[in-house]
Number of protein chains: 2
Amino acid sequence: MPKLGMEPIRKTALVKATIVEIGRAGSLDVTVGQIAKRAGMSTALAHHYFGGKEAIFLAAMRHILSLYGAEVRGALCVVGGPRARLDAILLASFSPANFRREVVSAWLNFYVLAQTVPGARRLLAVYQARLQSNLTHALRPLIGARAPGVAAALGALIDGVYLREALGPGAADGRAAIYLVQAYLAAELNKGSGA
Amino acid sequence: MPKLGMEPIRKTALVKATIVEIGRAGSLDVTVGQIAKRAGMSTALAHHYFGGKEAIFLAAMRHILSLYGAEVRGALCVVGGPRARLDAILLASFSPANFRREVVSAWLNFYVLAQTVPGARRLLAVYQARLQSNLTHALRPLIGARAPGVAAALGALIDGVYLREALGPGAADGRAAIYLVQAYLAAELNKGSGA
DNA sequence: AAGTTTATTGACCCGTCAATCAACAAAAAA
DNA sequence: TTTTTTGTTGATTGACGGGTCAATAAACTT
């Protein structure tokens, strides 16, 4: 009973199923069969629409990234002042959604993939550049020329804190992460006015 | 021509071969056969000494971690003042050895493994606790009670900077990483004396 | 009605891989 | 010297996984 216009539906179903399965496995050791089954179709169909396993993974990564991007954009377009913009970025970066098991697993494996798969590396560069740009714009009114450097550090700090929070012993707590990064921000802003 | 006392030799050969192969593959998609071949023995022997693939991986991770620990200890035992101790930790953390492809790959896959393999998670916790302890001890004379909090941030920053440097576009540059972290340190120390 | 495009699958092929085992070799112990 | 321990491997196995393909069926076109 093939209905027409199935392609986008199947593709998104596969992408979502892929993220879930990566979360379950904690790695990319996920078979096309598992993904297809969870998405409610045959393995052959998954191959038909994506052409191969790697393409499925990349589509899933793109999806994760676009979700995060949307969250940041959404948070940014509401608030006004530069300081509030920074907080909005932090809030979006450490939102509970980003600490779900599937998302954490996707990110970690994304890093692994970025070593060898050019597509993944490009995607990662896009994410980092966007974060850098957002942070720099928000920082510029506060610290002027020092903005790019601080933004770089801030971006790295966000990644590092995320890593530790996600792999830490207890349940991930976004608030603790935000608090920690805000303390760094306070130090940098203070330095600007003090020196 | 079996000589006696082969076990430690074979085991270290396997561990080193494992790290090399992980670096080559960029992932844990490495067969016992590849590892054994590089180590100059049969797959059966690898199984004989380690009992299974996961045990080989964990041994390799332990090796990476112990190398890093030794590097830090070595750097620490030479210098005197608290500020110099901090720099020593940074220097060891961002030494060229840590940016070799195999080491980067081992770390990234270590993170992935830590999600699901308890042994890997424990190992990671040990590393983080040791770093935290080293940093706190070095920071205490400089900023007193604020030391633990700043150490946590510093640890996260080190991980984050490492990640970006290792996955960045160009060749990894430890000096840039050190410079970035030192800028953060300056801000935090300045804050302490300024407020 | 005949032909084309889209959707879909079960079955299959080919390769790979972790793990096992039987067997052999040399040194050490008895 | 016989036995046991240690070292070592080739061959095998059992399972699995990615990818292909032929075949089927519904919808759309002419």
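Residue numbers begin at 1 in each chain, while the letters A, B, ... track the order of the sequences.
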* Test side chain to side chain contact (heavy atoms under 4.5 Å, CB included) on A:D159 and A:Q128 and set out the steps. => CA-CA 10 Å; A:D159 285 1; A:Q128 286 178 348; 4.2 Å; yes
* Under the side chain to side chain contact (heavy atoms under 4.5 Å, CB included) criterion, do A:Q182 and A:D87 qualify, and how do the steps go? -> CA-CA 8 Å; A:Q182 279 174 339; A:D87 286 338; 3.0 Å; yes
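Rounded to a whole Å, the CE atom of A:M6 is 9 Å from the C1' atom of C:dA7. Between the C1' atom of D:dG17 and the CD atom of A:E21 lies a distance of 15 Å, rounded to the nearest Å. Atom CD in B:E7 sits roughly 13 Å away from atom C1' in D:dT5 (whole-Å rounding). As rounded to whole Å, 21 Å separates atom P of D:dT6 from atom NE2 of B:H47. Atom P of nucleotide C:dT16 and atom CG of B:L28 are separated by 20 Å, given to the nearest angstrom. Note: CD (A:Q34) to P (D:dG17) measures 7 Å, nearest angstrom. Atom CZ in A:F50 sits about 19 Å away from atom C1' in D:dT20, given to the nearest Å. The CD1 atom of A:I35 sits 12 Å away from the C1' atom of D:dG17 (whole-angstrom rounding).
One finds a side-chain N or O of B:R10 lying less than 4.0 angstrom from the OP1 or OP2 phosphate oxygen of D:dT8. At D:dT6, none of the side-chain N or O atoms of B:Y49 fall inside 4.0 Å of OP1 or OP2 (strictly under the cut-off).
Heavy-atom nearest nucleotides on DNA chain C were determined for B:A44 and for B:K53, and the one closer to the 5' end corresponds to B:K53. With the nearest nucleotide of DNA chain D identified for both B:G40 and A:G33, B:G40 has the one nearer the 5' end.
Minimum atom distance to the side chain of B:L45 is reached by D:dT9, of the listed D:dT9, D:dC21, C:dT8. Residue A:H48 places its side chain closer to C:dT8 than to any other of C:dT6, C:dT8, C:dA19.
Under a hydrophobic clustering in which Ile, Leu, Val, Met, Phe, Trp and Tyr are joined whenever their side-chain heavy atoms come within less than 4.5 Å, directly or via other members, B:V79 and B:L135 fall into different clusters.
Across all strands shown, A:S42 has heavy atoms under 4.0 Å from base atoms, whether or not it also approaches the sugar-phosphate.
Listed for the B:T136 side chain is no donor-acceptor partner under 3.5 Å among the backbone atoms of B:A151.
Under the ring-ring contact (aromatic ring centres under 6.0 Å, His included) rule, B:Y127 has a single partner from B:Y111, B:F110, B:W107, which is B:W107.
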